[in-house]
Chemist: 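Quick one: the structure is below, and I'll ask about it shortly.
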Amino acid sequence: QQDKDELRKAYDGWWTASQKNKEQRMSLYNEAKFGCFIHWGPYSVPAGLWKNKMQSGYTEHLMRKARIPLEEYKKELILPFNPTEFDAEEWMRHASEAGMRYFVITAKHHDGFAMYPSDAYPYDIRLSKFQKDPMEALSRAAKKYGIKKLHIGEGICHTIMHEAKYAKPGEIATATDSHTTTYGGAGNFCSGIGTAEMAAALITGELWFKVPEAIKIVLNGHLRDGVMSKDVILRILGDIKADGGQYKSLEFTGPAAHEMSMEQRFTVANMALEAGAKCGLFEADEKTAEYYGMPLEDIDWVCVDEEAKYEKVLTYDVSELEPQLSCPQGVDNVHPISEIKGTKMDEVYLGSCTNGSIEDMEVAARILKGRKVAKGLRFIVVPATNTIFKQAIERGYIKTFIEAGAVICHPCCGLCCGMPYGLMTDDERILLTANRNFIGRQGTKKTLSYLSSPAVAAATAIMGVVTDPADLPELV
């Protein structure tokens, strides 16, 4: 605890000084014996700013882990920087030219600011080529390493993975993001991994997996108007909670599952992760085969085994389901709309890899056609990919959104992961079609985030309060 208190004190002093004056911040770095960042809980602390046992203890641990000779500890400067995976090579080249030999690279910090050598590093190393022109740098890296399929500025990776037919039924796919489970909507075994695992997978073409236990989820009945697959997965999450599928395979079957379009299935599989699932799988059927342009007989083996032993079987009659909302502050805090109806919203956000598809755009546009966004409410629309954006323009959905009073942003993850596309402040409420509403994810720690389907989002944007699409007044 004493070490933690000292770390916090060192951090607070450095941060206060860095805010006051850039020159003073530079001075602090110049005075430091070394400049690596050490992660301690939620803090990223410049290790050279205190003189306690952490300096010799944890840093030496890092150096041993990196196989750096401890005798070089006082001789070599360890760079403070936060590069992307693609940026690291460029930084190392710059640093090597400056005569430095060892580097401790830290990934992310959680305090809402970024330290870059251009304004924090005591040497005169300016922005790397990656930061100046990331597209050119990525293209150069792809050429160097023989990467043929490169998508720059085309939208969200998880949507592109099935849109471009990369993640196919019956295959195994990994990506360095948690919502890789999305492609399970097509019967693809897919799961998120870390960057170290990705390096191993790229080098060897192999990866170790533990075969997960399975939970069978039977969806009977038919979804009524105004109820979508997002409502189904939210209801399931509310029942089994955020850890109810920990390292499990959630396997969806039943008439309602087969009635879902491919985009609706991708939505469900995307959010299986929010129960801790290793994957979320749908059976491959005629719709799957048509979507991928594959013969059904090549993929119909991807199906539920009726003789398999499941950890549990959950059965739902979706005909009785009303729209569901995930309420602050956690995805599994789910309530039917009848309990939340009338709650005032400051912003509505339509998009993300969960609900940024062309079908989602269509549902929202159909509800908004001829109507206006509520006065004083911000309505932000972000299609998931460039392809979807173009389709939405061609079909008139974007025109409908603009005429209703929406703001349209370019395809990206946007506010779902806290990027500046409508960030909220204290005590503001936002309803969005994303997959997570963790504390602080869409703004400050006091922002109140709700998750819903595109249909509920569109109805709420019109009325300014949480609204069941079925309750919208008829257009005159």
Side-chain angles (χ1 to χ4, degrees), residues 158 162 167-175 177-194 197 206-221 223 229-260 262 264-285 288 299-321 324 326 330-336 354 435-436 438 451:
H158 298 309
H162 60 78
K168 294 182 174 64
E171 295 185 353
I172 297 174
T174 59
D177 186 83
S178 53
H179 290 102
T180 300
T181 55
T182 303
Y183 335 138
N188 178 286
F189 182 92
C190 44
S191 195
I193 60 174
E197 292 175 301
E206 299 177 352
L207 203 59
W208 183 92
F209 287 101
K210 174 185 174 183
V211 177
E213 297 294 326
I215 297 175
K216 182 179 179 181
I217 301 177
V218 182
L219 304 177
N220 295 321
L223 291 172
S229 66
K230 179 69 164 285
D231 301 303
V232 174
I233 188 60
L234 286 179
R235 170 62 190 277
I236 293 169
L237 287 169
D239 289 344
I240 69 175
K241 301 303 179 184
D243 60 351
Q246 193 69 39
Y247 211 102
K248 303 293 191 297
S249 171
L250 302 189
E251 301 180 4
F252 301 90
T253 187
H258 287 283
E259 281 187 3
M260 289 181 186
M262 292 305 297
Q264 291 172 327
R265 298 178 193 184
F266 291 134
T267 293
V268 173
N270 173 279
M271 291 198 68
L273 182 278
E274 303 308 327
K278 189 65 176 176
C279 61
L281 298 173
F282 277 75
E283 298 172 290
D285 57 13
T288 315
I299 57 174
D300 60 3
W301 59 271
V302 183
C303 60
V304 166
D305 184 351
E306 296 300 335
E307 298 180 1
K309 293 182 179 179
Y310 288 91
E311 182 177 283
K312 65 175 71 173
V313 177
L314 305 176
T315 303
Y316 292 88
D317 181 358
V318 302
S319 303
E320 302 173 355
L321 189 65
Q324 307 285 304
S326 172
V331 181
D332 58 1
N333 182 20
V334 177
H335 296 267
T354 313
N435 43 51
R436 285 178 172 167
F438 300 160
L451 306 178

Chemist: Say you draw a straight line from CD1 of Ile240 to CD1 of Ile236; how long is it, rounded to the nearest 0.5 Å?
Modeler: 7.0 Å
Chemist: How about Thr180 and Thr174: do any of their side-chain heavy atoms sit closer than 4.5 Å?
Modeler: no
Chemist: Report the distance from atom OH of Tyr247 to atom NZ of Lys210, rounding to the nearest 0.5 Å.
Modeler: 7.0 Å
Chemist: Hey, do the aromatic rings of Phe189 and Tyr183 have their centres closer than 6.0 Å?
Modeler: no
Chemist: Please enumerate all residues that pass side chain to side chain contact (heavy atoms under 4.5 Å, CB included) together with Leu321, with sequence neighbours excluded.
Modeler: Val227, Asp231, Val232, Arg235, Gln324
Chemist: Taking only residues two or more places apart in sequence or in another chain, which ones pass side chain to side chain donor-acceptor pair (under 3.5 Å) with Asp332?
Modeler: none
Chemist: Only counting residues at least two apart or in another chain, list the ones meeting side chain to side chain contact (heavy atoms under 4.5 Å, CB included) with Glu311.
Modeler: Glu213, Ile215, Lys248
Chemist: List for me each residue that meets side chain to side chain donor-acceptor pair (under 3.5 Å) alongside Lys241, sequence neighbours excluded, and say none if there are none.
Modeler: none
Chemist: At what distance, to the nearest 0.5 angstrom, does CD1 of Ile172 lie from SG of Cys190?
Modeler: 10.0 Å
Chemist: Within this structure, what is the CG-OG distance for the pair Asn220 and Ser319, rounded to the nearest 0.5 Å?
Modeler: 8.5 Å
Chemist: Parallel, tilted or perpendicular: which fits the ring planes of Phe252 and Phe282, with parallel below 30° and perpendicular above 60°?
Modeler: parallel
Chemist: Could you check Val331 against Asn435 for side-chain contact (heavy atoms from CB on, under 4.5 Å), going step by step and ending with a plain yes or no?
Modeler: CA-CA 8 Å; Val331 181; Asn435 43 51; over 6 Å; no
Chemist: For His162 and Thr182: C-alpha separation, side-chain torsions, deciding distance, then whether side-chain contact (heavy atoms from CB on, under 4.5 Å) applies.
Modeler: CA-CA 9 Å; His162 60 78; Thr182 303; 4.1 Å; yes
Chemist: Any side-chain to backbone donor/acceptor pair from Asn333 onto Ser326? Under 3.5 Å, distance only.
Modeler: no
Chemist: Please evaluate residues Ile193 and Leu207 with respect to the criterion side-chain contact (heavy atoms from CB on, under 4.5 Å), reporting the C-alpha separation (whole Å), side-chain torsions for both, the decisive distance (0.1 Å), and the verdict.
Modeler: CA-CA 10 Å; Ile193 60 174; Leu207 203 59; 3.8 Å; yes
Chemist: For Ser229 and Thr267, indicate whether the former's side chain and the latter's backbone hold a donor-acceptor pair under 3.5 Å.
Modeler: no
Chemist: Say you draw a straight line from CG of Leu250 to CG of Leu281; how long is it, rounded to the nearest 0.5 Å?
Modeler: 8.5 Å
Chemist: Report the residues that fulfil salt bridge (Lys or Arg N to Asp or Glu O under 4.0 Å) with Asp177, sequence neighbours left out, ordered by chain and then residue number.
Modeler: none
Chemist: Check whether any side-chain heavy atom of Thr288 lies under 4.5 Å from a side-chain heavy atom of Ile299, and answer yes or no.
Modeler: yes
Chemist: To the nearest 0.5 Å, how far apart are NZ in Lys216 and NZ in Lys312?
Modeler: 15.0 Å
Chemist: Within a strict 4.5 Å, meaning less than it, do heavy atoms of the Glu283 and Asp285 side chains meet?
Modeler: no
Chemist: Taking distance alone, no hydrogens or angles, what donor-acceptor pairs closer than 3.5 Å link side-chain atoms of residues 271-278 to residues at least two apart or in another chain?
Modeler:
from   : atom 1 : to     : atom 2 : distance (Å)
Glu274 : OE1    : Arg436 : NE     : 3.1
Glu274 : OE2    : His179 : NE2    : 2.5
Glu274 : OE2    : Arg436 : NE     : 3.0

Chemist: Any side-chain heavy-atom pair from Asp239 and Leu314 closer than 4.5 angstrom?
Modeler: no
Chemist: Can any side-chain N or O of Arg265 pair as donor or acceptor with the backbone N or O of Ala186 at less than 3.5 Å?
Modeler: no
